[in-house]
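To keep things clear, I will list the structure first and then write my remarks on it.
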Protein chains: 2
Amino acid sequence: MSTIGFHSHNHDQCIADTLSTADAHCAEEGLQFTPVRRRVLEILLAEHKAMGAYDILPTLADEGLGSQPPVVYRALDFLVKNGLAHRIELLNAYIACAHLGRAHRPAFLICRECKLVAEADAELARGRLGEAAREAGFTIERMVVELEGLCPACAA
Amino acid sequence: MSTIGFHSHNHDQCIADTLSTADAHCAEEGLQFTPVRRRVLEILLAEHKAMGAYDILPTLADEGLGSQPPVVYRALDFLVKNGLAHRIELLNAYIACAHLGRAHRPAFLICRECKLVAEADAELARGRLGEAAREAGFTIERMVVELEGLCPACAA
DNA sequence: AGAGAGTCCGTTATAACATATCAATCCCGG
DNA sequence: CCGGGATTGATATGTTATAACGGACTCTCT
Ligand SMILES: [Zn+2]
Ligand SMILES: [Zn+2]
Ligand SMILES: [Zn+2]
Ligand SMILES: [Zn+2]
């Protein structure tokens, strides 16, 4: 799994691909990909950066899609629950999933300088830590792995 | 490194040891371990659970040690900066360090049922994930590893 | 002693993030 | 057409965190 986000790429294509994959996924699963939900995903997709709920809200409001916090939080809950977006705990913010369609346990690389967020694979972290948890009798239900630091561009 | 928190242990001793280690550490480093700061650490030490700033505040207020949010946040910042406590991002809460004095990169096992938090070693997670970050050109400055699940007692 | 710097603390106000609740609407199968 | 489930609208509130300013104390240098 690559760490999309720090690599330069055709981002318009990246957006289009993700949206069509999301459409297909929701159709398959019988999920209602409503205008609010779709637009929130589009807004998140604009950049590979995390956005707070209150960053998203004004855009939604301008477009007449709802102007109160619950509207955006409900949409974000839907996206997160269905794997279309992820919540970044370190930032209290949300980001579109960069690996839509592929089952994955995300880990995040967060640049403290430019705020870009790349998505990597947390399975890579599980090995010995998973063993340690098992030895402690702990049942892992959710892993949060977030690495803060400097992306290649900002380190240079 | 053991995962203190889920094991039964002499907790009064656990508290006393940690406080005296903290006293010694602050003396060595020339840090001012003021009454507010010490009391906040004591409050955190009462249980191996994470507490929010606003859980701590009333106790402080009752004792005349400050009744406004900045008081407790400043104390928590001090404790976290100096390694005497850790912030749990998943819970927006704080916990006393269970491995005071030993250099460590903590990972947390958080029971969603009883809210106990155990501290394990995040180095265990670094191996292949660290490689992946390096390949992406990402410089890790801070790791947040938090595992939510069920502790042995609650799983039974 | 007095001036200046540094650190900590008290206080007010506000920012930022998130949810509870209830009513209205839409949509689809029976 | 009707009923139930999901979604949305709207108001209010709850929770977490910081900005900003001034006062108290201590230490140091002159
Ligand atoms: Zn892209
Ligand atoms: Zn960067
Ligand atoms: Zn620790
Ligand atoms: Zn438990």
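Within every chain, numbering begins at 1; the chains are lettered A, B, ... in the order of the sequence lines, protein sequences first and strands thereafter.
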Would you kindly give the CG-to-P distance between B/Asn92 and D/dT15, to the nearest whole Å? 13 Å
Taking only Lys NZ, Arg NE, NH1 and NH2, and the carboxylate oxygens of Asp or Glu, determine whether A/Glu119 and A/Arg102 approach each other closer than 4.0 Å. no
Give me the distances for all protein-to-nucleotides 3-9 of chain D N/O pairs that come in under 3.5 Å?
{"from": "D/dA6", "atom 1": "O3'", "to": "A/Gln32", "atom 2": "NE2", "distance (Å)": "3.3"}
{"from": "D/dT7", "atom 1": "OP1", "to": "A/Arg37", "atom 2": "NH1", "distance (Å)": "2.9"}
{"from": "D/dT7", "atom 1": "OP1", "to": "A/Arg37", "atom 2": "NH2", "distance (Å)": "3.4"}
{"from": "D/dT7", "atom 1": "O5'", "to": "A/Arg37", "atom 2": "NH2", "distance (Å)": "3.3"}
{"from": "D/dT8", "atom 1": "OP1", "to": "A/Thr34", "atom 2": "OG1", "distance (Å)": "2.7"}
{"from": "D/dG9", "atom 1": "N7", "to": "A/Arg74", "atom 2": "NH2", "distance (Å)": "2.8"}
{"from": "D/dG9", "atom 1": "O6", "to": "A/Arg74", "atom 2": "NH1", "distance (Å)": "3.3"}

Round to a whole Å and report the spacing from CD of A/Glu89 to C1' of D/dT16. 14 Å
Report the distance from atom CG of A/Leu57 to atom P of D/dA10, rounded to the nearest whole Å. 13 Å
To the nearest 0.5 angstrom, please state how far the CD1 atom of A/Ile95 sits from the CG atom of A/Leu79. 13.0 Å
Mind checking which nucleotides bracket the chain B contacts on DNA chain C, 5' to 3', with an atom under 4.0 Å from a heavy atom? C/dT7 to C/dT12
B/His11 side chain vs B/Leu45 backbone, donor-acceptor pair below 3.5 Å: yes
Charged N to carboxylate O under 4.0 angstrom, A/Glu123 versus A/Arg126? yes
Same cluster (ILVMFWY, side-chain, under 4.5 Å), A/Val80 and A/Phe108: no
For A/Ile140 and A/Leu129, what are the C-alpha separation, side-chain angles and deciding distance, and is it a side chain to side chain contact (heavy atoms under 4.5 Å, CB included)? CA-CA 11 Å; A/Ile140 298 176; A/Leu129 189 58; over 6 Å; no
For residues 56-73 of chain A, run the donor-acceptor check on the side chains, cut-off 3.5 Å, and write out each pair with its distance to 0.1 Å, sequence neighbours left out.
{"from": "A/Glu63", "atom 1": "OE1", "to": "A/Arg39", "atom 2": "NE", "distance (Å)": "2.7"}
{"from": "A/Glu63", "atom 1": "OE2", "to": "A/Arg39", "atom 2": "NE", "distance (Å)": "3.3"}
{"from": "A/Glu63", "atom 1": "OE2", "to": "A/Arg39", "atom 2": "NH2", "distance (Å)": "2.9"}

Return the orientation label for the B/His86 and B/His104 ring planes: parallel under 30°, perpendicular over 60°, tilted otherwise. perpendicular
Specify the separation, in whole Å, of atom OH of A/Tyr73 and atom P of D/dA10. 19 Å
